[in-house]
Student: 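Below is one structure. I have some questions about it.
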Amino acid sequence: MRWRDALFAHWAFDPGVVDANLPADVSVATYDGRAWMGVVAFVMEDIRPRGLPFGLSFPELNLRTYVERPGDEDHSVYFFNLDADDALGVPVARRLYSLPYYRADMRVTTRGDEVEFASHRTHRGVPPAHFDATYRPVGEQFTPEPGTLEHFLTENYRFYTAGTDLYYGDIRHTPWPLQEAEAEIRTNTLFEASDFDAPTADPILHYSPGTEVTAGRIHRVGD
């Protein structure tokens, strides 16, 4: 698959606040003593098993943090929610694994280097969540260097999420080509929908035009 037109919007949090909302098998990872939570919006294109000539494409929006687990080589992403405009994948993920995938109506419009991304969660029986932003890259493109905050926030090759059990998956991709970004975030209720207080500080913003991604299957921790 390809992930394109990605916005990374990150806020610093008290590690204790984040850790209290994580399952017991993982713990919050920190950078310079702070936990980080991110809203990441992007379009997934050409999602398909290897060898098939065509695939699905749809937008996705997630709320995430970064975690550690004994035995892992590096820190990983932990997803609190994954909203997607995908009528097929969302029910499969929820039915097989009880993962926090939610249906949403999404609209992505590009005008030159500017991206407008709007999401309205339509999934029944879960807290509502809305996101509406316009973002654009600024500055020169760069590759995040190991040891930097940008690398900590974007270069993660394992993810965890909790459903009926704790699950993980591994992905492979070339490093994200990043640029600093500007964004007008008009609406963002993802934090409240996952039982966090909404951040009041300005986020750290990055944009990426995209990268090619290969993902393996999801595993249950302990299998």
Side-chain angles (χ1 to χ4, degrees), residues 1 3 6-42 44 47 60-84 86 89-104 121 123 126-127 129 131 144 146 149-173 175-176 190-196 199 206 208 211 213-223:
M1 71 187 94
W3 295 348
L7 171 70
F8 297 89
H10 283 97
W11 291 262
F13 268 72
D14 183 319
V17 171
V18 179
D19 212 33
N21 286 273
L22 294 173
D25 287 336
V26 296
S27 58
V28 66
T30 61
Y31 187 92
D32 282 346
R34 295 182 291 179
W36 292 85
M37 293 189 66
V39 172
V40 181
F42 59 100
M44 304 176 74
I47 307 162
E60 183 178 303
L61 177 71
N62 62 65
L63 178 67
R64 61 199 258 179
T65 192
Y66 305 94
V67 298
E68 300 170 327
R69 185 169 179 269
D72 287 357
E73 294 183 1
D74 204 350
H75 68 279
S76 305
V77 169
Y78 179 86
F79 291 116
F80 290 102
N81 70 263
L82 303 108
D83 287 13
D86 174 23
V90 168
V92 170
R94 291 183 62 84
R95 183 171 64 251
L96 293 182
Y97 305 106
S98 298
L99 297 180
Y101 262 99
Y102 306 123
R103 282 293 312 278
R121 186 180 292 174
H123 209 105
V126 299
F131 183 80
L149 176 61
E150 291 84 2
H151 192 275
F152 177 89
L153 298 175
T154 62
E155 293 303 309
N156 300 276
Y157 297 90
R158 172 166 288 188
F159 66 85
Y160 288 94
T161 191
T164 49
D165 295 288
L166 183 66
Y167 294 89
Y168 73 93
D170 293 319
I171 63 172
R172 298 192 303 274
H173 61 78
W176 286 98
L190 293 176
F191 287 92
E192 297 96 318
S194 291
D195 295 326
F196 288 97
H206 295 95
S208 178
T211 188
V213 180
T214 301
R217 70 180 184 88
I218 295 176
H219 304 267
R220 190 196 327 265
V221 170
D223 286 355

Student: Ring centroids only, cut at 6.0 angstrom: are His123 and Tyr101 within range, meaning strictly under it?
Tutor: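 So the answer is no for these two rings.
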Student: Would you call Arg158-Asp72 a salt bridge at under 4.0 Å N-O?
Tutor: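 The answer is yes: the pair qualifies as a salt bridge.
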Student: Taking all non-hydrogen atoms of both residues, which atom of Val126 and which atom of Arg121 are closest, and how far apart?
Tutor: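 Nearest pair, atom of Val126 first, then Arg121: CG2-CD, 3.8 Å.
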Student: Any side-chain heavy-atom pair from Pro144 and Glu155 closer than 4.5 angstrom?
Tutor: yes
Student: Name the orientation class of the two ring planes belonging to Phe8 and His10 (parallel below 30°, tilted from 30 to 60°, perpendicular beyond 60°).
Tutor: parallel
Student: Just checking Phe191 against Phe13, ring centres under 6.0 Å apart?
Tutor: yes
Student: Set out, in order, the CA-CA distance, both residues' side-chain angles and the distance that settles side-chain contact (heavy atoms from CB on, under 4.5 Å) for Tyr78 and Val18, then state yes or no.
Tutor: CA-CA 11 Å; Tyr78 179 86; Val18 179; over 6 Å; no
Student: Could you report the tightest heavy-atom contact between Val28 and Glu68, atom names first, then the distance?
Tutor: O-OE1, 4.0 Å
Student: I'd like to know if the side chain of Asn21 and the backbone of Val17 have a donor-acceptor N/O pair within less than 3.5 Å.
Tutor: yes
Student: Can you tell me if Asn81 uses its side chain to pair, donor with acceptor, with the backbone of Pro100 under 3.5 Å?
Tutor: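 Judged by distance alone, no pair lies under 3.5 Å.
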Student: Would the Tyr31 and Tyr66 ring centres measure less than 6.0 Å apart?
Tutor: no
Student: For a side-chain contact (heavy atoms from CB on, under 4.5 Å) check, start with the C-alpha distance between Val40 and Leu7, then their side-chain angles and the critical distance, and finish with the verdict.
Tutor: CA-CA 6 Å; Val40 181; Leu7 171 70; over 6 Å; no
Student: State the OG1-CG distance between Thr161 and Leu82, to the nearest 0.5 angstrom.
Tutor: 6.0 Å
Student: Evaluate side-chain contact (heavy atoms from CB on, under 4.5 Å) for Met37 paired with Phe196, printing each intermediate quantity in order.
Tutor: CA-CA 10 Å; Met37 293 189 66; Phe196 288 97; 3.6 Å; yes
Student: Look up atom CG in Asn156 and atom CG in Asp74, then write down how far apart they are to the nearest 0.5 Å.
Tutor: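 Asn156 atom CG to Asp74 atom CG measures 7.0 Å (nearest 0.5 Å).
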Student: What are the two closest non-hydrogen atoms of Asp83 and Ala104, and how far apart are they?
Tutor: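 It is CB-CB, 4.2 Å.
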Student: Taking the six-membered ring for Trp, are Phe159 and Tyr168 ring centroids under 6.0 Å apart?
Tutor: no
Student: Taking the side chain as every heavy atom from C-beta outward, state whether Val67 and Ser27 have any atom pair closer than 4.5 Å.
Tutor: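 A side-chain contact is absent here, since even the closest heavy-atom pair is not under 4.5 Å.
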Student: For the residue pair Arg34 and Pro15, establish whether any side-chain heavy-atom pair is separated by less than 4.5 Å.
Tutor: no
Student: Would you sort out whether Phe80 and Asn62 count as a side-chain contact (heavy atoms from CB on, under 4.5 Å), showing the intermediate values?
Tutor: CA-CA 7 Å; Phe80 290 102; Asn62 62 65; over 6 Å; no
Student: If you take all heavy atoms of Val213 and His173, which pair is closest and at what distance?
Tutor: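 Closest heavy-atom pair between Val213 and His173: CG2-CB, 4.0 Å.
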Student: Is the backbone N or O of Trp36 less than 3.5 Å from a side-chain atom of Thr65, with the two atoms forming a donor-acceptor pair by type?
Tutor: yes
Student: Can you measure from CG (Asp170) to CZ (Arg217) and round to the nearest 0.5 angstrom?
Tutor: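 The CG atom of Asp170 sits 11.0 Å away from the CZ atom of Arg217.
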Student: Are the aromatic rings of Phe152 and His75 close, with centres under 6.0 Å apart?
Tutor: yes
Student: Enter the distance from Trp176:CH2 to His151:NE2 here, rounded to the nearest 0.5 Å.
Tutor: 13.5 Å
Student: Taking all atoms of both residues into account, what is the closest heavy-atom pair of Pro23 and Ala162, and its distance?
Tutor: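 Smallest heavy-atom distance, with atoms named: CG-CB, 4.4 Å.
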Student: Rounded to the nearest 0.5 Å, what separation is found between the OH atom of Tyr160 and the CZ atom of Arg69?
Tutor: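 So the OH of Tyr160 and the CZ of Arg69 are separated by 4.5 Å.
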Student: I need the minimum non-hydrogen distance between Ala41 and Leu61, along with the two atoms involved.
Tutor: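 Minimum heavy-atom contact is CB-CD1, 3.7 Å.
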Student: Can you confirm whether Asp165 sits close enough to Val221 that some side-chain heavy atom of one is under 4.5 Å from a side-chain heavy atom of the other?
Tutor: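 Heavy-atom side-chain distance check fails, nothing below 4.5 Å.
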Student: For the atom pair OG1 (Thr211) and CH2 (Trp3), what is the distance rounded to the nearest 0.5 Å?
Tutor: 9.0 Å
